[in-house]
J.: 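This is the structure I have questions about; it appears just below.
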Amino acid sequence: MATPTDSPNPPFIIPERSLDRDCTTLSRHVLQQLQSFSPDAQDLSALMGRIALAGKLIARRLSCAGIVDGVLGFAGSENVQGEAVKKMDVYANEVFISVFKQSGLVCRLASEEMDEPYYIPENCPIGRYTLVYDPIDGSGNIDANLNVGSIFAIRQQEGEDTTGEAKDLLQNGHKQIAAGYILYGASTILVYTIGQGVHAFTLDPSLGEFILWQENLQIPKHGSVYSVNEGNFWQWDDAMRDYIRYVHRHEGYTGRYSGALVSDFHRILLQGGVFLYPGTTKQPEGKLRLLYESAPLAFLVEQAGGHASTGTQAVNDVVPNKLHQRTPLIIGSVEDVALVESFIHDRQQRDPSDPS
Ligand code: P6P
């Protein structure tokens with residue numbers, strides 16, 4: 001009988017990788033970035049390790065969609081956003097809470113899925129960090145087996161939150177000390193920054209570890225992709241319509257829109273281009289939430305040499321007035337974001353009363 005080596009196409013063999021690369025886990029990478037083993041560095045490294053665990057638990061569950069209960073379909077409730085909650089939204093939200101219990105790291109968690117911040121009392125005297133997160137971004141994609149993601153940011157708690165309203169979270173995005181996302185796709189990718197570049201890890205299921213894939217990602221200055229839900233055209237202001245008409249009439253643009261912000265953003269981070277979720281007549285402030293969707297991605301894209309704008313100001317300069325505040329989002333390559341902003345500026349010049 002022919003042995004595999006005799007066949008014209010020997011079986012695919014995973015190329016040998018260096019032991020050192022297999023050992024460059026997320027937790028180790030954080031310490032390398034900080035070049036420190038101080039208690040704060042160890043805390044941040046441990047924090048990212050817990051987020052990686054959350055990603056592994058969510059990825060495992062998603063991979064069983066259809067053969068395990070609790071993955072597909074709706075939970076039968078609505079969240080604070082007024083959106084129908086998917087079963088995976090509930091599960092993923094609980095996962096992030098569970099991985100931080102007994103960690104001594106995070107005192108509060110603020111999530112798209114919870115009206116108010118969640119406190120972990122046993123951590124609060126010690127843990128001075130707050131996790132803000134969207135546990136499953138794009139959950140409408142789950143039942144169609146399309147990409148979804150988790151988005152997170154870590155902030156330092158300031159002062160004593162005696163009222164439980166977490167008012168210290170109502171500060172601009174420059175207060176984020178770490179941010180990133182986990183993309184659950186053909187592979188599970190974790191991308192993060194602690195303010196020293198953007199770095200990407202791939203989950204190696206055989207190790208159960210996120211292993212370093214790429215360091216210091218830089219977004220191209222321009223890309224051909226524009227990512228927007230054109231079904232909202234009828235609800236946009238004139239500036240957005242002017243931009244869309246421009247890309248429809250000029251060579252070199254291609255539309256890509258998955259329905260999951262993380263998925264569309266990841267493509268743009270790697271290939272260049274721009275993602276837009278402008279304000280609409282129904283939601284003038286936009287759909288995406290500032291604290292746990294737009295601001296974390298804005299931190300990432302600025303670290304990668306890109307830009308994130310509301311159309312009139314940098315996303316990371318926006319000071320929220322409430323936990324679940326929404327903002328319009330234009331994010332991606334500097335040249336492509338600037339092109340969109342130029343149409344807004346032109347309209348304002350022509351009609352200063354135009355709020356766009
Ligand atoms: P629409 C998913 O619900 C989400 O928050 C983002 O992940 C995504 O980019 C956007 O909303 C999709 O919204 O209105 O185009 O379906």
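One-based numbering, in listed order, for ligands and for the atoms of each.
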J.: Check whether NZ of the Lys or CZ of the Arg Arg61 lies under 6.0 Å from the centre of the six-membered ring of Tyr91 and within 45 degrees of that ring's axis.
T.: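 Arg61 over Tyr91 ring: yes.
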J.: For the pair Arg347 and Asp237, find out whether any cationic side-chain nitrogen is under 4.0 Å from an anionic carboxylate oxygen.
T.: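 No, this pair does not count.
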J.: Enter the distance from Arg241:CZ to Trp234:CH2 here, rounded to the nearest 0.5 Å.
T.: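 These two atoms lie 9.5 Å from each other.
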J.: Looking only at heavy atoms, is any part of Leu288 under 4.0 Å from ligand 1, and if so is it the side chain, the backbone, or both, or is it neither?
T.: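 Within the 4.0 Å criterion, Leu288 contacts ligand 1 through side-chain atoms alone.
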J.: Atoms of ligand 1 less than 4.0 Å from Tyr257 heavy atoms?
T.: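 Within the 4.0 Å cut-off of Tyr257, ligand 1 contributes 1 (P), 9 (O), 10 (C), 12 (C), 13 (O), 15 (O).
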J.: How are the rings of His222 and Tyr253 set to each other: parallel, tilted or perpendicular (split at 30° and 60°)?
T.: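 Plane angle over 60°, so perpendicular.
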J.: Run the ring pair (Phe, Tyr, Trp, His ring centres under 6.0 Å) check on Tyr292 and Phe152 step by step: do they pass?
T.: CA-CA 6 Å; Tyr292 39 78; Phe152 64 87; over 10 Å; no
J.: Which atoms from ligand 1 have a heavy atom of Phe275 less than 4.0 Å away?
T.: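 Under 4.0 Å from Phe275, ligand 1 has these atoms: 9 (O).
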J.: Suppose I only count heavy atoms of Glu293 and a 4.0 Å limit; which atoms of ligand 1 are within that range?
T.: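 Selected atoms, number and element: 5 (O).
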J.: Using a 3.5 Å cut-off on N or O atoms only, is Lys287 in polar contact with ligand 1?
T.: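 N/O-N/O distance below 3.5 Å exists for this pair.
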J.: Between Phe299 and His174, is the ring centre distance below 6.0 Å?
T.: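 Ring-ring flag for Phe299/His174: false, centres at least 6.0 Å apart.
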J.: Judging by distance only, is a nitrogen or oxygen of Asp137 under 3.5 angstrom from one on ligand 1?
T.: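 Checking ligand 1 against Asp137, an N or O pair does fall under 3.5 Å apart.
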J.: Return yes or no for this condition: an N or O of Leu261 is under 3.5 Å from an N or O of ligand 1.
T.: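 Looking only at distances, the answer is yes, because the N/O contact criterion of under 3.5 Å is met.
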J.: Does Gly259 reach ligand 1, in the sense of a heavy atom lying below 4.0 Å from it?
T.: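 In this structure, Gly259 qualifies as a contact of ligand 1 - some heavy atom is under 4.0 Å.
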J.: Number the atoms of ligand 1 from 1 as they appear, then name those within less than 4.0 Å of a heavy atom of Arg289, with their elements.
T.: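 Reading through ligand 1 atom by atom, the close ones are 5 (O).
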J.: To the nearest 0.1 Å, how far is atom 14 (O) of ligand 1 from its closest protein heavy atom, and which atom is that?
T.: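 Ranked first by proximity to atom 14 (O) of ligand 1 is Tyr277 OH, 2.6 Å.
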J.: Taking the six-membered ring for Trp, is the centroid-to-centroid distance between Tyr133 and Phe96 below 6.0 Å?
T.: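 Yes, close enough.
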